[in-house]
Amino acid sequence: VVSVPAAKEVFPLKTGNKAATKVARVQTHCLNEWDDQNHMELIDGRRARFLTAYAEAPMVIRPDRISRIPKWELLSPLGTYPSPQVVFDDMRPANVINTYMRTYSWLKARYPQLDSVISNSQQKNRYKPDDFFEMIEYNDEEVTVLGILGGGAVPPLALLAEMGFVCIPLPINAYNQTFAIELERSPNLAEVTTVIVPGRITLGGPKGMADDMVGIFQMQAKMLALHVNAVARAIYPEQWFVEAPTGGGEVVTVADGLKGIMGHVKGGTIEQLGMQPGVQTMGMINALERNSRISGSAPADYGGESPTNVRTAQRGLDVASGAIDFYIQEHQNIIARAKQHEYEIAAAVDKGYFKKDPKSFYIPKGKDQGYVDYVPGTLWDTLPKISVKYYYAGMDISSVTVMLGQKLGEGTISVETAMKHDPYVQDYELELGQIMSDKVRDALVAGLQQQVQSGQVQLVDVATLQLLLDSGEY
């Protein structure tokens, strides 16, 4: 889903205005810098897994006080509770509650004054450094609230109130949580809800791609377990001592093949009752495996196997394409829209929390190469129009490259358009300049060769040029 990077572009507020175009370029470079600082390629990998498996990929953009940039943090879909949707596929909830786990040592390091109160209240079972507390966080466009859910004896409410903490006793629940403490309440300077909750397109509630496969896997595991038991019983068959018709009988010596001991039976016989595994078992297991792959749209090629009726590479690509391209396209469009909202939130966070802080980042190459200085309050004075899209949603990176080459060869697209859509080209303007520079260099070398052959340039000058090239002093 995220093998092809999404293309992002910031549109100038005034078309054709040089100053507005320059601001838009700085804003685009700023978004790229945030991606690098947040290691977005790793976040996107986990985001895609959450979206396909859990049907949601919640993301929160926080202000990082150390690096002074917006920080992306992927939330667990199992602990995120957005406000109810008013419109289908609305990714911007009005408010969100999310929960996560933190250790007692984490709490003690950040709230030492609280530690003495809640620790002294536990007379029987003291908290250990690795004991986990459930954190609960609320976020909307006005405020962010952080709380903690704890177990054991309820701390003294009056003492906590004197320290500025609000403590609420809780009824006994399945998690043995007995109290909740509000740790922090701070205004949301971004003035927008900083959590976004993109989800898969379904008929009703959230549903992951593998949800229909759970029951099939359970049935397959049961059949396999029964088959293994049957094979084990066939390897070690049951032995029965059968008395003689006259009755009686005795086992004199128990046989042991490993030690070469021959068994001896008096007055009866030994019979083995071997039970062979059912012949339909493996066929049933294979049918369940095929059913699970079809339900999850997972071609056999994903497991390193190829169907027997697929004989060419192109046919294999066609089979895989028919199974997964639709879902890849759908998920890429969802992620592209989510990224667009995230950049808008990140700009609001940068402006709200670091409004007057001068910032600088380095652009390693291109016509804007060098340090770029900006002030968030000025750069994001008016939030721009940000576009994020996959130009060819549903296609993998190899198919996009081949298709662009074909379109370019047919003459249906320009070189500039091909570079804009090529996932390997990060700065198409830089690449166009490099191509022109290469063509000029080739022309100069060709002209020099002609002048040397015609005698217009002396060989000694050519030798001097070669020495300079070899030494690197040019």
Side-chain angles (χ1 to χ4, degrees), residues 49-50 52-55 76-79 101 103 124-132 134 151-152 172-177 207-311 316 319-320 323-324:
R49 287 167 173 80
F50 278 2
T52 55
Y54 292 123
S76 171
L78 302 180
M101 307 302 292
T103 61
K124 295 183 178 179
N125 298 319
R126 293 281 185 173
Y127 292 125
K128 300 177 182 178
D130 293 337
D131 286 346
F132 279 97
E134 185 174 8
I172 298 177
N173 55 40
Y175 302 98
N176 296 322
Q177 295 166 338
K207 181 179 180 182
M209 287 192 65
D211 286 2
D212 290 336
M213 301 169 65
V214 176
I216 301 175
F217 273 120
Q218 292 175 341
M219 187 181 300
Q220 186 177 353
K222 181 179 180 180
M223 293 296 298
L224 185 59
L226 293 174
H227 181 67
V228 170
N229 290 338
V231 172
R233 294 182 65 180
I235 296 175
Y236 301 101
E238 296 177 351
Q239 294 182 337
W240 293 80
F241 177 79
V242 181
E243 296 181 359
T246 57
E250 178 185 2
V251 178
V252 180
T253 305
V254 178
D256 191 337
L258 293 177
K259 296 181 180 179
I261 300 176
M262 183 179 298
H264 182 198
V265 177
K266 185 184 295 183
T269 60
I270 296 294
E271 293 186 4
Q272 289 187 353
L273 299 180
M275 183 174 293
Q276 298 299 321
V279 295
Q280 300 294 334
T281 306
M282 289 308 299
M284 183 63 179
I285 293 176
N286 292 335
L288 291 172
E289 187 267 341
R290 176 179 179 274
N291 196 357
S292 65
R293 284 191 291 102
I294 293 176
S295 299
S297 297
D301 306 70
Y302 278 11
E305 300 178 344
S306 179
T308 55
N309 62 339
V310 175
R311 306 187 183 279
V319 172
I324 65 175

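These values consider heavy atoms only, across backbone and side chains, with no hydrogens, waters or symmetry-generated copies.
The heavy-atom pair separating Met284 from Met223 by the smallest distance is CG-CE, 3.8 Å. Across all their heavy atoms, Lys207 and Ala55 have their closest contact at N-CB, 3.3 Å. Residues Leu288 and Ile216 approach most closely at O-CG2, 3.3 Å, considering heavy atoms.
Although no hydrogens or angles enter the test, the distance criterion places no donor-acceptor pair under 3.5 Å between the side chain of Asn286 and the main chain of Gly283.
In this structure, CD on Glu250 lies 8.5 Å from NE2 on His264, to the nearest 0.5 angstrom. Note that the CG atom of Leu224 and the NZ atom of Lys222 stand 13.5 Å from one another [nearest 0.5 Å].
For Glu289, the side-chain contact (heavy atoms from CB on, under 4.5 Å) test picks out Gln220, Arg293, with sequence neighbours left out. Listed by chain and number, the residues in a side-chain contact (heavy atoms from CB on, under 4.5 Å) with Tyr54 are Phe50, Pro77, Leu78 (sequence neighbours excluded).
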